[in-house]
Amino acid sequence: RERTTYMDKFTRQAAELLAQLTLEEKLDLTIGADAWHTHGVPRLGIAPIMMTDGPHGVRKATESTMGEGERSVPATCFPTASALGCSWDPALLEEIGAAIGEECQAQDVQIILGPGVNMKRTPLCGRNFEYYSEDPLLAGELGAGLVRGVQSRGVGTSLKHYACNNQEWERMSISAEVDERPLREIYLRAFQRVVQGAKPWTVMCSYNRLSGTPAAEHRWLLSEVLKGEWGYEGAVISDWGAVDDKAASLSAGLDLEMPGPGRDHTARLAALVNAGVLSQAAVDAAALRVLQLILRGQAGKRPAAAFDADAHHALARRAAAECMVLLKNKDDILPLERAGLSKLALIGRFGEHPRYQGAGSSRVNPTRLDIPREEIARALGSSVELVYAEGYDADGATTEAKLAEAVNAARGADVAVILAGLPESYEAEGYDRDSMAMPEGHNRLIEAVCQAQPHTAVVLMNGSAVELPWFDAAPAVLEAGLGGQAVGGAIADVLFGVRAPGGRLAETWPLALRDTPAYINYPGEAGRVRYGEGLYIGYRYYDKKGADVRRMFGSGLAYTSFSYGALRLSAETLGAGGALTATIGVTNTGSRPSSEVVQLYVERPDSAYDRPPRELKAFTKLTLRPGETHSAQLRLAADDLLVWDTARSAWYLEPGTCVVSVLSQAAEFEVLADPHAPRLPFTRLSTIRQFALEPTGLAALKAVLNEVPFSGGDLPPQEQRMMAALPIGKLVQFGILTEERLQELLDLANGG
Ligand code: GLC
């Protein structure tokens, strides 16, 4: 890999400074000074830099502790990652990242601790609201957008939590047991895409173990893959408190332990260096990267100017609408036509106390908060009466009285809007959900109101997929997610058609928890959790099983209809390192402006590898006015078709037919063999089929086997199938070949 140069300008300066440091000063740099700051080097006039949470807004504690949302400075709370994942819009993420970067500058923060790109392996994960998707391409492209945005403002990011932090249950001790291909192709792939595509200043290692080794001490993960294969030149920091064995973590490639200051850290490590237990080289390497980070943070500083809170709030409102997913819209009940309304019933406590973010380290103290009831009243104006019924309490429980009040309100109105979903206590950092169910009170309320009022829209506010037992009874269902501080206004915008719901699901919503891929392996036992489903996460699993789901990854309705033209490919073949473009015309055939997310999936019908039926390999989002046609361009890179070949222990471009599909349109091209791909040597364990699949192997088979009774090709079909899986060496045991002839065959097949 060519070395990236983005750190060059700090490398020389850092190296010169490093040469002047004492061992103690170097060791100090490898641990934080407190909860949020690095050390500096006062003697050389190097000031520390500050980092703080979180992925959807600045949470700068007002005191130097691990502050909670209430004790952090006001900042714009943007939609959380689970909502932003549904935007399918990296450019939007970049806009939001830039705004967060501006707010960091205003608060004198040099690094924001986000984005999180862990895969949504189970809907139960308490932190799913902080993650984008079940698909590594979507998560990677969105995470890269956020990183580009923040860093465009001279502020750094922290790509987290590297890696396999896919549940909160025992998150600080559990060992994720993941096979090589799913690890590479699914769980590390989004990290790789962001690291190589957007170069985050830092990568944060996770709390958990990977195959028994803590991520903070995982040499293969931190040094061989991240810094070696991917060429990462930023700093690897720990999650807060993730480092147990400081010497082991430094040796593995963890550059900065957080938080500080750590009791007797420096003295103990200095003793280990002097005793030869911890190498001076490891200390120098870590201190150099932290110095580079500090220099980069100092160089990025802008004069602390107040940020435009109104503009950021408006961005948050637009973003929340772009993230909303219309799951159902029977008889186009949405958007609501104000003209025909005289009374609207708004039902649900979220109407006055909206859920807009999740609990834990990511919690932001919002600059302001849109209240749905107020925003809807404002949108209705004085000509339409709004009646409100709380429907349930803060824990989601309802009572007969609350139900009766809500039903009466709904029955007496022209239309009812119910706000429901997951109360704050149902999902958070630090613990997982017990089920996919919404509170029983929410479900009972929805059932009762839908029965009483045929014109009802349900608006959900939740950070992860939920079961919808009342789905058939509800005319319209709009997923608002955890849409940030402006979600109240955005709900009004979408309900009344000021904006269209621009989202598509970034995670499949199953019918029930038992249908989910991780169901039989989550949460693990005796400190280990097996990712037994392998590659089959999310839609990859439901497609393979042909299982029914509530709503599939990538789905979502619009306030219009679209028609698609023919799918065209720019080439009929694709070779290693190359790319081709798929083009397809999309027309808004309805009467309202709306967004469409054009998604390109790839299938490999005759692959020699275990493959999901289809995989997302490109997407683009279009916003089209009524009647407008746009030609969507989807770039498909050969690098995105690579499989991790466990026999080669390398990425491999499998030659063969590739079928691309965009909705019902399909086209195909041929992937050409990579002449530089490492050849797999044939051995006595190689099967007859493996020989037959490679030209040199087939030629060798024909050259040698035709002289013996068995010639492979003229066996009856059933026996051919039986022979296909036969290791070639067995032909010696069966007296068909001598050892000498076997060796000749192997030499011939290996091009000897
Ligand atoms: C927390 C989280 C991490 C956060 C850090 C600092 O435990 O896992 O996402 O950035 O500690 O609050």
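Both counts, for ligands and for their atoms, begin at 1 and track the order of listing. Note that this is a predicted model, so its numbers are computed, not measured.
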> Does an N or O from Asp53, backbone or side chain, lie closer than 3.5 Å to an N or O of ligand 1?
Replying inline: yes
> For atom 8 (O) of ligand 1, which candidate among Leu113, Ile112, Asp239 provides the closest heavy atom?
Replying inline: Asp239
> With sequence neighbours left out, what residues match Thr367 under side chain to side chain donor-acceptor pair (under 3.5 Å)?
Replying inline: Gln485
> Met204 near ligand 1, heavy-atom distance under 4.0 Å?
Replying inline: yes
> Is there a donor in the side chain of Glu429 and an acceptor in the side chain of Ser361, or the other way round, less than 3.5 Å apart?
Replying inline: yes
> Taking non-hydrogen atoms only, is Arg127 closer than 4.0 angstrom to ligand 1 via side chain, backbone, both or neither?
Replying inline: side chain
>> Restricting to side chain to side chain donor-acceptor pair (under 3.5 Å), what partner residues turn up for Tyr162, sequence neighbours left out?
In response: none
> Taking atom types as modelled and ignoring hydrogens, do the side chains of Ser133 and Asp135 form a donor-acceptor contact shorter than 3.5 angstrom?
Replying inline: no
> Taking heavy atoms and a distance under 4.0 Å, where does Glu130 meet ligand 1: side chain, backbone, both or neither?
Replying inline: neither
>> Tell me which one of Cys164, Pro182, Pro517 satisfies side-chain contact (heavy atoms from CB on, under 4.5 Å) with Tyr531.
In response: Cys164
>> If we set the cut-off at 4.0 Å for heavy atoms, which region of Met172 has an atom near ligand 1: side chain, backbone, both, or neither?
In response: neither
>> Tell me whether Glu429 has any N or O atom under 3.5 angstrom from an N or O of ligand 1.
In response: yes
